[in-house]
Protein chains: 2
Amino acid sequence: MSLRHAVLGLLERRPSTGYELTQTFDRSLRTSWQARHSQIYPELAKLEAAGLVEVVGHGARRSKTYAITPTGRAELRRWLVEAQPDRSQRNESGLRLFLTPLLEQADRRATYQRDLAHVEHELSALKELRSGMAPATDPEVFAPQVELGIRINGVLRDWLLEQIDRAGEPEGSHQ
Amino acid sequence: MSLRHAVLGLLERRPSTGYELTQTFDRSLRTSWQARHSQIYPELAKLEAAGLVEVVGHGARRSKTYAITPTGRAELRRWLVEAQPDRSQRNESGLRLFLTPLLEQADRRATYQRDLAHVEHELSALKELRSGMAPATDPEVFAPQVELGIRINGVLRDWLLEQIDRAGEPEGSHQ
DNA sequence: ACAGTACATGTCAAAATCAACATGTCAAAC
DNA sequence: GTTTGACATGTTGATTTTGACATGTACTGT
């Protein structure tokens with residue numbers, strides 16, 4: 001039940017509406033956990049019923065702002081500190097990378113190129129985020145995560161470049 | 001429907017029984033895609049019904065060996081080359097890393113330590129795998145993936161060490 | 001006034017996944 | 001000979017996740 005704790009965690013960062021949570025899932029959390037609004041709204045209702053979150057305000061367009069309660073905070077801490085992590089993952093890109101060697105050279109090269117383009121894109125987005133980050137606003141709560149993302153994507157980029165090189169050699173080298 | 005393609009991919013590598021696939025999911029694929037036997041056996045049945053795989057042999061203990069068919073191979077290639085990748089992930093460890101800064105210092109330090117222990121463990125397992133890998137057996141189909149795993153876990157280790165250092169400073173430094 | 005778009009919340013049926021139940025085979029150790 | 005454990009395949013009910021359907025609100029530009 002990670003969705004529950006993801007929602008609690010985001011509400012610990014700041015009180016939010018379901019709509020805002022949906023966007024955060026889509027923007028910041030997409031590389032760790034994803035959820036659609038059709039999952040988030042029911043989950044908020046369940047969390048409220050369980051007393052882990054509460055509605056702290058009503059805004060425009062029927063929006064409800066939720067905040068975490070002390071009970072919810074305790075549950076979040078318990079999960080982070082005491083619950084044993086589930087290390088398994090679901091990562092389609094990883095699966096593709098694992099299977100790509102099965103392709104013939106030209107196809108393999110093409111898919112690595114496509115992945116490389118995506119990684120470069122991610123990398124520049126993260127670097128822009130890093131440079132534009134107000135050092136006062138998110139005091140270091142956020143910066144290290146961005147840094148980690150940059151490093152992992154850097155490793156991925158280098159690795160992909162090596163694979164592309166390698167896939168090109170047998171045909172392209174020494175005319 | 002990544003499970004389907006994961007199974008096709010594994011059968012492209014070599015014909016296998018459901019039991020063998022289950023083990024491969026658990027051992028090699030656990031960082032990309034996981035599946036239990038209760039999902040794998042029905043999926044094999046569906047794939048067989050669809051003509052993407054076929055039974056090529058019966059072994060001891062009622063075991064059935066499946067192999068990919070030409071149709072299945074075509075579908076696998078189509079998925080790898082033409083289908084647009086789903087970049088979203090489900091990764092509880094990533095989620096925890098994202099939320100850990102919310103904890104107070106002592107808890108934060110402790111969870112980073114726990115993660116570090118796990119990463120070190122992964123790292124030594126991968127390095128052993130690298131050294132023990134027959135260069136002739138899995139000719140390079142497998143080696144680059146192991147190398148990537150080593151590099152990513154290395155980045156993770158360094159990052160965690162930095163975070164632990166940082167979390168220790170305000171209290172532990174200059175007596 | 002009207003159109004388009006972003007905001008905002010919900011529900012529902014289908015599909016995917018998981019944990020538990022269920023059954024049986026074969027080899028090695030004792 | 002029998003117990004233990006790895007091998008091997010299945011099913012079932014509950015939970016999680018998805019994609020589509022559904023509805024309404026507020027602002028912005030024309």
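Just so it is clear, the values below take in all heavy atoms, side chains as well, and ignore hydrogens, waters and symmetry mates. Below, chains carry the letters A, B, ... as their sequence lines are ordered, and counting in each starts from 1.
No salt bridge links B/E48 with B/K64; every basic N to acidic carboxylate O contact stays at or beyond 4.0 Å.
Listed by residue number, the members of residues 29-52 of chain A with any heavy atom below 4.0 angstrom from DNA chain D are A/W33, A/Q34, A/R36, A/S38, A/Q39.
Dashed line: the shortest gap from a side-chain N or O of A/R62 to OP1 or OP2 of D/dA26 is not under 4.0 Å. In this model, the phosphate group of C/dA16 is not approached by any side-chain N or O of B/R4 to a distance below 4.0 Å at OP1 or OP2.
Note on B/L126 and B/F25: same hydrophobic cluster, where clusters join Ile, Leu, Val, Met, Phe, Trp and Tyr whose side-chain heavy atoms are under 4.5 Å apart, directly or indirectly. If you chain together hydrophobic residues whose side chains sit under 4.5 Å apart, B/L95 and B/L102 fall into the same group.
Ranking C/dT9, D/dA6, D/dA26 by closeness to the B/Y19 side chain, first place goes to D/dA6. Distance from the side chain of A/R61 is smallest to C/dA6 among C/dA6, D/dT9, C/dG10.
Classified by interplanar angle (parallel below 30°, tilted 30° to 60°, perpendicular above 60°), the ring pair A/H5/A/W79 is parallel.
As a whole-Å value, the separation of B/E92 CD from C/dT17 C1' is 15 Å. Rounded to whole angstrom, the span from the CG atom of A/N91 across to the P atom of C/dT17 amounts to 14 Å.
Between the side chains of B/S2 and A/E92, at least one donor-acceptor pair of N or O atoms lies under 3.5 Å.
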